[in-house]
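For reference, the structure is listed below as structure tokens.
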2 protein chains.
Amino acid sequence: MTASPPPPMPRSRRSAGDRRTQLVQIGLELLPTTPIQELTIDAVAARAGISRSLLFHYFATKREYYTAVTRAAAEFMLEHLLPPPGAPQEDQVPGMLDRYVGWVEAFRESHLAFVRGAGGGDPWVAEVYEETRQRLVEVALTALQLPDDAPRRQLVLAWFAFAEDLVGSWADEPTLTREELLALLRDVLDRLVLRGR
Amino acid sequence: MTASPPPPMPRSRRSAGDRRTQLVQIGLELLPTTPIQELTIDAVAARAGISRSLLFHYFATKREYYTAVTRAAAEFMLEHLLPPPGAPQEDQVPGMLDRYVGWVEAFRESHLAFVRGAGGGDPWVAEVYEETRQRLVEVALTALQLPDDAPRRQLVLAWFAFAEDLVGSWADEPTLTREELLALLRDVLDRLVLRGR
DNA sequence: CGGCTTGCTGAGCAACGCTCAACAAGCTAC
DNA sequence: GTAGCTTGTTGAGCGTTGCTCAGCAAGCCG
């Protein structure tokens, strides 16, 4: 069953950095198919062609490993979403929204795995997820030139939950055109955020 | 550590139904403190004063056990939220919303555990959660006397995500009065749902 | 008392997270 | 070239946990 997929591997020696990134990379590859918590150390090690022990050399605990993987996934997504340096103010939020929808369309399963995994019991993973959301809110509020106070932050965070859910189900069953979806999301955000004005 | 809390128990013999409900009950009690997936069979069995094996007699697998617990939690919440038989049409949605906020205020941790656990990797638990949301949407749409078509359903579901998130963070840090919160939620729902009219 | 159903247990297996002592690949120094 | 150091790497093994199975025993009937 769990036979030897990498048998001809002459078992080379790698630098510490290389191994770490290789292991995280493997985690990212496995993430779409496996709920991150159920990722077994054995499977990852086997796929990397190394012993279980070595993985524990790099990541003291299983949790430490998959939070590293989660963090890498989050970083990857953020890089994709954040507006490019020269983008004009008023295009930043629409741009991010557009790229977000594109992201979900492209990486549907992986993204779901990330979002789902976020809620999934483990506080460390949830924390990474929360950090990501917070950073996105900050960017959005500055782009909209709005003060970053607690009430507005709550609203925008909740709107994120709204957008995440809607885009997710829309990707499954597109009841709107892509443009209608984007317009709807923007509209709801505007109304929410301009409320106290 | 995991010593014997029920030592004077003369280990009585119970009916099948009794045991089942007792075990589910224990699960419900442990749910607020422990992410449901991490609930160990040993702990539950110990708390019930029975052997591991017996638990597997009633629930063939661990998953089967905690989905039963999750389902019980969902049922409990639904009973609390659904409008009483005689409620007038136009009060039903506001009433449910009001009770929902009350629910979160009262059972903050348990509820979070339920919602979080829902996303948490396990498809079976997610399914129970999804069923619950679907039922609530049905009730809401009939109460609002609106047709139950796919687009509207998606919108209301997404609005749920919005409400869940907002009420959750509001309970942590009430930046609005309770009435303002309720009004906001109702207003957003109305605008969303009347969109296509 | 014998026999039946059925709630219940203990021993034990396999998988998995994790530890630890030791090996060996690749480098530098003499 | 070989001695010696660093450090990437491993195998054996322990404790926990999900799960199985053969069999015990509590209550009931004839």
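Letters A, B, ... mirror the listed sequences (proteins, then strands); counts begin at 1.
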Task: For B:Glu131, all residues meeting side chain to side chain donor-acceptor pair (under 3.5 Å), sequence neighbours excluded - done: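 Testing B:Glu131 for side chain to side chain donor-acceptor pair (under 3.5 Å), a comparison that skips the adjacent residues, returns B:Arg71.
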Give the rounded distance in Å between these two atoms: [atom1] of [X] and [atom2] of [N].
| X | N | atom1 | atom2 | value |
| --- | --- | --- | --- | --- |
| B:Leu54 | D:dT20 | CG | P | 14 Å |
| B:Leu55 | C:dG10 | CG | P | 15 Å |
| A:Ile50 | D:dT7 | CD1 | P | 19 Å |
| A:Arg20 | D:dG8 | CZ | P | 12 Å |
| A:Tyr58 | D:dT7 | OH | C1' | 9 Å |
| B:Arg14 | D:dA26 | CZ | P | 17 Å |
| A:Arg13 | C:dA25 | CZ | P | 8 Å |
| A:His57 | C:dA21 | NE2 | P | 16 Å |

- [ ] Could you pull out all residues at least two apart from A:Tyr65 that satisfy ring pair (Phe, Tyr, Trp, His ring centres under 6.0 Å)?
- [x]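 Partners of A:Tyr65 under the ring pair (Phe, Tyr, Trp, His ring centres under 6.0 Å) test: A:Phe59.
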Task: Partners meeting ring pair (Phe, Tyr, Trp, His ring centres under 6.0 Å) with A:Tyr58 (sequence neighbours left out) - done: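 Ring pair (Phe, Tyr, Trp, His ring centres under 6.0 Å) check on A:Tyr58 returns nothing, list empty.
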N/O-N/O pairs, protein side and nucleotides 12-19 of chain D side, under 3.5 Å:
{"from": "D:dG18", "atom 1": "OP1", "to": "B:Lys62", "atom 2": "NZ", "distance (Å)": "3.0"}
{"from": "D:dG18", "atom 1": "OP2", "to": "B:Ile41", "atom 2": "N", "distance (Å)": "3.1"}
{"from": "D:dC19", "atom 1": "OP1", "to": "B:Thr61", "atom 2": "OG1", "distance (Å)": "2.9"}
{"from": "D:dC19", "atom 1": "OP2", "to": "B:Thr61", "atom 2": "OG1", "distance (Å)": "3.4"}
{"from": "D:dC19", "atom 1": "OP2", "to": "B:Lys62", "atom 2": "N", "distance (Å)": "2.5"}

- [ ] Keeping to residues at least two apart or across chains, list the side-chain hydrogen bond (donor to acceptor under 3.5 Å, both in side chains) pairs with something in residues 92-104 of chain B.
- [x]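 Applying side-chain hydrogen bond (donor to acceptor under 3.5 Å, both in side chains) to every pair that reaches into residues 92-104 of chain B, excluding sequence neighbours, yields B:Asp98-B:Arg178.
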Could you pull out all donor-acceptor pairs under 3.5 Å where a side-chain atom in residues 167-174 of chain A meets a protein atom, sequence neighbours excluded?
{"from": "A:Ser169", "atom 1": "OG", "to": "A:Leu166", "atom 2": "O", "distance (Å)": "3.2"}
{"from": "A:Trp170", "atom 1": "NE1", "to": "A:Leu176", "atom 2": "O", "distance (Å)": "3.0"}
{"from": "A:Asp172", "atom 1": "OD1", "to": "A:Arg108", "atom 2": "NE", "distance (Å)": "3.3"}
{"from": "A:Asp172", "atom 1": "OD1", "to": "A:Arg108", "atom 2": "NH2", "distance (Å)": "3.3"}
{"from": "A:Asp172", "atom 1": "OD2", "to": "A:Arg108", "atom 2": "NH2", "distance (Å)": "3.4"}

Open item on the list: Counting the atoms with a prime plus P, OP1 and OP2 as sugar-phosphate, which does A:Phe59 contact under 4.0 Å by heavy atoms, base, sugar-phosphate, or nothing?
Closed with: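 A:Phe59: no heavy atom of the nucleic acid under 4.0 Å.
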Task: A:Tyr65 vs C:dG17: side-chain N/O to OP1/OP2 distance below 4.0 Å - done: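 No, no such contact exists.
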Open item on the list: Just by distance, no angles: are the side chains of A:Glu138 and A:Gln134 close enough, under 3.5 Å, to form a donor-acceptor pair?
Closed with: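 The criterion, which ignores hydrogens and geometry beyond distance, is not satisfied for A:Gln134 and A:Glu138.
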